[in-house]
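Following: one structure in structure tokens, then a few remarks.
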Protein chains: 2
Amino acid sequence: MDRRLEPTLADVAKEAGVSLTTVSRVLNNRGYLSQATKDKVARAIKTLGYRPNQVARALHGKRTYTIGLIVPTVALPFFGEIAVAVENALAESGYRVLICNSLGRSDRERDYLNLLIGNRVDGIISGAHNEDLEEYQSIRMPIVTIDRSLSPRIPNVRCDNEAGGRLATERLLAGGSRRPALLTSRSHGLNLRERGYRITCEAAGIEPIVFEVPFHTAPADRPALMAQCLDGAVGMIDSVFATDDLAAAEVLEWARQRDLLVPEQLRVIGFDGTVAVRRALPTLTTIRQPIEDMAREAVRLLLGRIDAVNSAPLEGGADIPEIGEIVEFPVELLEGSTA
Amino acid sequence: MDRRLEPTLADVAKEAGVSLTTVSRVLNNRGYLSQATKDKVARAIKTLGYRPNQVARALHGKRTYTIGLIVPTVALPFFGEIAVAVENALAESGYRVLICNSLGRSDRERDYLNLLIGNRVDGIISGAHNEDLEEYQSIRMPIVTIDRSLSPRIPNVRCDNEAGGRLATERLLAGGSRRPALLTSRSHGLNLRERGYRITCEAAGIEPIVFEVPFHTAPADRPALMAQCLDGAVGMIDSVFATDDLAAAEVLEWARQRDLLVPEQLRVIGFDGTVAVRRALPTLTTIRQPIEDMAREAVRLLLGRIDAVNSAPLEGGADIPEIGEIVEFPVELLEGSTA
DNA sequence: ATGAAAGCGCTAACAG
DNA sequence: CTGTTAGCGCTTTCAT
């Protein structure tokens with residue numbers, strides 16, 4: 001910004017014929033001011049079109065009233081909706097959000113972390129997917145994760161993924177499926193949706209079949225990878241639980257190309273239940289995550305920690321207890337016609 | 001942020017046993033420094049885990065290297081992809097973006113405008129939908145609009161909407177449609193997609209039929225509104241050009257519920273061609289906007305104006321010429337099986 | 001090659 | 001009730 005363009009407190013003070021302090025006081029509505037002074041200042045502010053410089057205000061010390069949100073990409077409906085929900089929840093407390101799209105690249109995530117700290121955000125909500133970044137361990141700042149857990153020392157807000165996995169798999173079985181497959185972006189022991197699937201299979205005496213198509217696979221490469229997995233299993237599986245809705249959509253497309261009837265020959269169920277995908281594909285049966293609730297809770301936890309830090313005793317480490325809390329929200333089955 | 005936690009320049013200076021200036025110099029790599037000093041300082045920085053306070057840096061004058069992006073909501077794939085593309089284009093020049101979701105509410109848009117100016121962003125890219133906000137006229141800051149035009153005085157980057165409208169309508173006619181309808185979020189003389197539709201209809205001697213479902217209609221209310229429009233036209237129309245893909249998806253769903261075969265009994269074509277919707281609904285025939293190109297151009301124009309402002313003669317208005325440029329990018333027909 | 005000091009725009013003691 | 005003054009953390013003349 002060119003400083004010739006935006007007026008400053010001093011300009012207002014001169015225009016109103018009072019001191020800086022006085023202007024600052026009416027701005028912040030602090031202390032006793034005569035109505036006459038208030039009016040004079042108000043008029044000067046209006047005349048000059050003055051807007052307080054938040055940068056200067058932030059520098060003074062306290063807070064920036066900005067928090068950072070790191071997600072893989074808001075181009076995916078799930079994270080786009082998370083971002084909007086977080087922004088809304090923050091707005092209620094006068095906070096704003098700096099959204100960072102890591103694109104799943106840990107170098108970018110690291111850069112963003114530094115950027116956010118450099119910009120002195122008051123806290124960070126991370127929903128990115130690099131479990132490994134050691135930087136997170138050394139962050140001297142309130143932080144909360146959403147959707148995926150980062151470390152036992154950092155509070156995590158998520159939906160009840162395991163219950164969701166069970167619910168999805170049970171729904172497939174209830175529809176008559178005998179060999180449900182799992183399609184996920186990363187199969188491992190901590191994948192709770194996968195665990196729900198496996199538990200349900202085991203309880204029903206069914207051998208699990210797990211396919212993996214990495215989360216950050218380019219959209220153009222997905223159909224081929226997916227076909228590679230599924231073609232080999234035709235006749236063996238009779239349903240698919242995809243751990244996100246877009247993957248489920250790709251299964252539907254694969255089935256269409258193979259002339260498989262859904263749900264008669266192949267049942268499909270997804271996960272997420274975002275508004276955008278439901279508008280695009282209302283027939284998809286899926287497990288809905290309560291995005292708004294999750295965002296609100298993440299914000300509540302974060303602001304709580306920020307307040308704790310800011311009101312901590314002035315001397316001494318004052319360490320806020322490291323509550324590595326996990327909050328899980330219940331999911332919901334959305335009936336469509338694909339399962 | 002609690003200042004006890006993040007070290008400052010002074011801390012580094014003390015640790016390294018040099019002056020503030022020297023540290024600042026090695027940080028910005030300015031002036032002549034002995035290698036020994038550089039090393040000492042570098043070591044101190046590393047030891048303390050020092051990161052420059054960008055807030056202080058920004059206050060000093062120059063720029064914040066942050067630009068504001070205002071969109072209706074990144075929860076919609078089109079704007080989510082715009083946001084990511086803008087962020088990527090900016091990152092190449094060392095800029096970052098403050099994303100603001102107006103949710104189509106002009107009060108929120110106004111608040112965000114003030115927020116951005118208060119935070120001294122270096123410029124603004126607006127893709128929101130409130131053509132009316134008079135604030136835009138008085139902004140003393142580089143600004144560029146994307147997707148929709150705001151004022152003849154503000155540069156606008158968009159796709160060739162009229163050509164897109166023509167292309168879509170021509171595609172419907174080429175498929176055999178005799179009565180194509182338009183479904184749009186706001187019908188008016190400046191709606192260029194609508195104009196393309198009307199022009200094509202007129203050239204073919206066809207009476208246009210226009211349905212309107214407002215952009216910010218709640219998802220839950222859309223199917224009913226849409227059915228209200230379309231039910232009355234069954235038998236009269238044989239195809240629909242929806243001016244965005246999600247609306248097109250809703251038309252497909254309506255057709256499914258009415259047992260209308262697509263494309264035999266009803267042809268449907270959309271607009272946008274976002275990656276997310278194509279993953280969800282790959283069969284949809286649509287007009288693709290070149291989002292990345294648009295974002296890149298918007299950023300190029302904006303950074304150009306920012307540089308112009310910052311290098312303007314120190315005295316005098318120095319007014320940068322008000323180039324109310326319009327840049328249109330060509331669209332592309334994506335063949336699916338719905339038209 | 002390095003340092004001292006002024007100031008970016010604002011807030012917050014501390015006077016009066 | 002209102003003004004003076006000292007910083008917040010950093011960059012940048014101007015000295016040395």
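Below, all heavy atoms of this structure are taken into account, side chains as well, without hydrogens, waters or symmetry copies. Just so we're on the same page: letters track the sequence lines, and every chain starts at 1.
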*Within this structure, what is the CG-to-C1' distance between Leu9(A) and dT4(D), rounded to whole angstrom?*
15 Å
*Taking only Lys NZ, Arg NE, NH1 and NH2, and the carboxylate oxygens of Asp or Glu, determine whether Asp307(B) and Arg63(B) approach each other closer than 4.0 Å.*
yes
_Nearest-nucleotide 5' precedence on DNA chain C, Leu59(B) against Ser34(B)_ = Ser34(B)
*Answer yes or no: does a side-chain N or O of Arg30(B) lie under 4.0 Å from OP1 or OP2 of dT11(D)?*
no
*Closer than 4.0 Å, any side-chain N/O of Asn53(B) to the OP1 or OP2 of dC8(D)?*
no
*What is the distance from CG of Asn29(B) to P of dA1(C), rounded to the nearest Å?*
14 Å
*Under 3.5 Å, is there a donor-acceptor pair linking the side chains of Glu92(B) and Asn88(B)?*
no
*Would you find more than 12 non-hydrogen atoms of other residues, nucleotides or ligands less than 6.0 Å from Glu292(A) atom CD?*
no
*End axis versus end axis in the helix from dA1(C)-dT16(D) to dG16(C)-dC1(D), the angle rounded to 10°, five pairs used at each terminus*: 40°
*Begin with the C-alpha distance, continue with both residues' side-chain angles, and end with the deciding distance and a verdict on side chain to side chain contact (heavy atoms under 4.5 Å, CB included) for Ile99(B) and Val74(B).*
CA-CA 9 Å; Ile99(B) 298 175; Val74(B) 293; 3.9 Å; yes
*asked:* Tell me the closest heavy-atom pair linking Arg51(B) and Arg120(A), and the distance in Å.
replied: O-NH2, 3.3 Å
*asked:* With a cut-off of less than 4.0 Å, is there a side-chain N or O of Arg57(A) near OP1 or OP2 of dG9(C)?
replied: no
*Whole Å only: how far is the NZ atom of Lys38(A) from the C1' atom of dT2(D)?*
14 Å
*Base, sugar-phosphate alone, or nothing: which one does Leu33(A) contact when heavy atoms must sit under 4.0 Å apart?*
sugar-phosphate
*If only side-chain N and O atoms of Tyr50(B) are considered, is one of them under 4.0 Å from the OP1 or OP2 phosphate oxygen of dC10(D)?*
yes
*When the distance from CZ of Arg63(B) to C1' of dC10(D) is rounded to whole Å, what number comes out?*
18 Å
*Rounded to whole angstroms, how far apart are CD on Gln54(A) and C1' on dT11(C)?*
13 Å
*Less than 3.5 Å between a donor and an acceptor, one on the side chain of His60(B) and one on the base of dG9(D), is that the case here?*
no
*asked:* Once rounded to the nearest 0.5 Å, what's the spacing between atom CG of Leu302(A) and atom CG of Leu90(A)?
replied: 7.5 Å
*Give the rounded distance in Å between these two atoms: CG of Asn28(B) and P of dT12(D).*
7 Å
*asked:* Would Arg108(B) and Glu87(A) count as a salt bridge (charged side-chain N to carboxylate O under 4.0 Å, His left out) here? Give the steps.
replied: CA-CA 12 Å; Arg108(B) 253 184 97 134; Glu87(A) 177 179 347; 3.3 Å; yes
_Interatomic distance where CG belongs to Leu27(B) and P belongs to dT11(D) [whole Å]_ = 6 Å
*With a 4.0 Å heavy-atom cut-off, tell me which residues in residues 10-25 of chain B come close to DNA chain D, sorted by residue number.*
Thr21(B), Ser24(B), Arg25(B)
_Using OP1 and OP2 only, check whether a side-chain N or O of Thr37(A) sits under 4.0 Å from dT2(D)._
yes
*Will you find, in the side chains of Ser126(B) and Tyr136(B), an N or O donor that is under 3.5 Å from an N or O acceptor?*
yes
*Verify whether one side chain among Ser24(A) and Thr21(A) offers a donor that lies under 3.5 Å from an acceptor in the other.*
no
_Tyr112(A)-Ser102(A) side chain donor-acceptor pair, cut-off 3.5 Å_ = no
